[in-house]
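Everything on this sheet refers to the single structure shown next.
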Number of protein chains: 2
Amino acid sequence: MSESREFVARADDADALGFRPLYRQVRDALIRRIVDGVWASGQPLPSEMRLAAELGVSQGTVRKALDAMAAENLVVRRQGRGTFIARHDEERIMFQFFKLVGDDGLRSFPQSRVLALSQGKANAAEREVLKIAKDARVIRIRRLRSIDDTPVIVENIALPEALFPGLTGMEVPNNLYGIYAMHFGITIGSTHEKLKAIAMSEADARALGVAAGLPALQIDRLALSLEGVPAESRHSICLTDHFHYLSELR
Amino acid sequence: MSESREFVARADDADALGFRPLYRQVRDALIRRIVDGVWASGQPLPSEMRLAAELGVSQGTVRKALDAMAAENLVVRRQGRGTFIARHDEERIMFQFFKLVGDDGLRSFPQSRVLALSQGKANAAEREVLKIAKDARVIRIRRLRSIDDTPVIVENIALPEALFPGLTGMEVPNNLYGIYAMHFGITIGSTHEKLKAIAMSEADARALGVAAGLPALQIDRLALSLEGVPAESRHSICLTDHFHYLSELR
DNA sequence: TCCTCGAACATTTCTATAAGATATAAGACA
DNA sequence: TGTCTTATATCTTATAGAAATGTTCGAGGA
């Protein structure tokens with residue numbers, strides 16, 4: 001315990017502006033390391049003891065920080081094994097962020113086909129929701145998603161170009177959040193979605209192969225990175241004849 | 001600390017079948033007391049110290065149990081004040097379970113008008129979702145909900161009659177979950193909802209004063225009591241022209 | 001006498017730390 | 001090959017001090 005105790009010093013600095021407890025500073029420091037890519041996705045963190053010695057705090061404080069991170073689905077803890085960076089693989093995405101479930105209760109992750117991929121200056125709505133500057137540029141993806149070869153969702157995605165340089169040159173995979181984390185160091189930590197029932201437009205109906213004017217579920221999603229920066233805006237039109245959006249509250 | 005330590009004994013009993021940590025036993029015991037109505041809604045619990053002495057465990061163990069309950073929105077903790085039973089008042093319901101938000105971002109809790117109130121034998125669908133016996137009876141409520149005197153939701157509610165004896169003789173208030181807790185000792189702890197976009201039926205359209213066939217958001221909610229018993233089934237049809245359903249995930 | 005303000009105190013939750021218990025995996029050994 | 005030991009990880013419980021909040025009580029002025 002004769003280490004530097006960098007956090008206590010920081011706490012004193014922050015004391016004037018607003019005190020933050022030690023375990024929370026530890027949590028923020030660890031999150032920063034994750035963001036910086038110090039540890040790869042799915043790999044184990046150093047043990048509580050090692051982190052405690054390295055940061056100059058007690059094991060219990062590290063433990064409290066890790067518990068908080070586990071509650072945020074950032075890490076996974078297993079007794080006797082270790083603490084692991086949560087992976088953004090398909091299965092996790094499916095349960096955490098993909099809420100469309102078949103009426104039979106089965107979840108199927110849809111396949112995707114890119115309809116259009118472009119980039120340009122952000123329009124007013126995109127600037128507003130992504131909180132980017134007036135002359136900033138965005139990448140736009142329009143794609144069709146199918147379950148069992150039946151088109152179910154057509155979605156328009158807008159990304160700040162500054163955060164995803166070179167994305168347009170890559171092949172767009174089915175699970176976008178995976179490459180956000182892998183290639184661009186952006187881990188999606190939370191989303192909020194606005195749902196509405198609308199009558200389908202001509203263009204969306206044509207893409208989905210159904211008649212215009214039919215009822216559809218419109219989902220406007222904004223995805224935030226771990227640091228709370230808007231990273232993706234997604235506008236989805238979903239057919240809910242054989243699927244529903246599942247929302248569990250407690 | 002010379003108390004009875006009833007929990008350790010129980011732990012030993014449960015050891016053969018499946019061990020549960022001490023703080024979790026404390027949590028379950030406290031939840032049982034809440035369910036049994038030992039403490040009224042909104043009132044303070046005994047202090048950590050007092051509970052610890054009473055239950056024969058350390059303060060830290062009580063603390064961990066209370067923390068878990070706070071994470072479940074069961075109690076509210078305030079430093080220097082105490083720990084309080086979470087209240088099922090309008091404000092709390094609005095934020096925890098009512099997810100319909102105006103497009104301007106403002107939340108308005110709707111007023112309600114009962115259209116029909118009846119009781120009878122549960123049909124197959126009601127038995128299925130509420131998990132009640134073949135000859136069990138249900139109470140049915142159909143009501144219209146308005147925001148700023150504009151009809152927005154028409155909903156059909158089904159309740160197991162066994163859980164809510166005498167409800168039909170009472171006046172149905174705007175906030176149902178309040179009287180579930182107050183008069184029948186049933187606290188809603190969690191809900192799960194299935195959302196779909198549908199074309200409105202004749203009857204629902206007439207109730208809402210709009211044209212049949214328009215798109216509407218259909219919400220099928222099942223509400224569970226703290227013990228996980230299905231307590232209410234609610235089928236809502238919502239107009240989402242000026243409102244949206246807000247879903248926040250992390 | 002009545003009212004206001006403030007300091008001291010009691011009570012409560014929050015934070016930090018430490019030690020023993022439990023779970024897991026890998027290597028030693030018969 | 002199978003079992004036991006050992007090392008290492010998280011999990012559980014315990015304890016002490018810090019911070020926040022409410023109350024009591026007395027001094028001082030109108």
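Each chain gets a letter, A, B and so on, in the order the sequences are listed, and its residues count up from 1.
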* **Matching residue for A/Leu222 among A/Glu232, A/His192, A/Lys194, A/Glu193 - test: side-chain contact (heavy atoms from CB on, under 4.5 Å)** =>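 So the option named by the test is A/His192.
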* **Nearest-neighbour nucleotide for the B/Glu48 side chain, C/dC14, C/dT15, D/dC11 considered** =>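 Within the option list, the nearest is C/dC14.
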* Options C/dT12, C/dA16, D/dT15, nucleotide nearest the side-chain atoms of B/Ser47 -> C/dT12
* Asked: Contact class for B/Gly82 (heavy atom, under 4.0 Å): base, sugar-phosphate, or nothing?
  ->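 Counting heavy atoms under 4.0 Å across all strands, the contact made by B/Gly82 is with sugar-phosphate only.
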OP1, OP2 of [N] versus side-chain N and O of [X]: anything below 4.0 Å?
X       : N      : answer
A/Ser58 : C/dA18 : no
B/Thr83 : C/dT13 : yes
B/Thr61 : D/dA14 : yes
B/Arg63 : C/dT13 : no
A/Lys64 : C/dA16 : no

Distance in angstrom units between [X] [atom1] and [N] [atom2], rounded:
X       : N      : atom1 : atom2 : value
A/Asp67 : D/dT10 : CG    : P     : 11 Å
A/Tyr23 : C/dT13 : OH    : P     : 16 Å
B/Gln59 : C/dA16 : CD    : P     : 16 Å
B/Met49 : D/dA14 : CE    : C1'   : 11 Å
B/Arg24 : C/dA21 : CZ    : P     : 23 Å
A/Leu22 : D/dA18 : CG    : P     : 15 Å
A/Arg27 : C/dA16 : CZ    : P     : 14 Å
B/Phe84 : D/dA20 : CZ    : C1'   : 13 Å

* **Atom CE of B/Met49 with >12 non-hydrogen neighbours under 6.0 angstrom** =>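 It does not: B/Met49 CE has 12 such atoms or fewer within range.
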* CG/A/Asp104: more than 12 non-hydrogen atoms of other groups inside 6.0 Å -> yes
* Less than 4.5 Å apart, any side-chain heavy atom of A/Val229 and any of A/Ile186? -> no
* Asked: So, do A/Val172 and A/Leu167 sit near enough that their side-chain heavy atoms are less than 4.5 Å apart?
  ->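 Of all side-chain heavy-atom pairs linking A/Leu167 with A/Val172, none is under 4.5 Å.
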* Does A/Arg63 count as lying over the ring of A/Tyr23, i.e. NZ or CZ under 6.0 Å from the six-ring centre, within 45 degrees of the axis? ->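 Because its charged atom misses either the 6.0 Å distance or the 45° angle limit, A/Arg63 does not stack over A/Tyr23.
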* Does B/Phe98 have B/Arg107 sitting over its ring (NZ/CZ under 6.0 Å from centre, angle to axis within 45°)? ->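 No - B/Arg107 does not lie over the ring of B/Phe98 by the 6.0 Å and 45° rule.
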* Strand-adjacent residues in residues 70-81 of chain A, judged by heavy atoms under 4.0 Å from DNA chain C -> A/Gln79, A/Gly80, A/Arg81
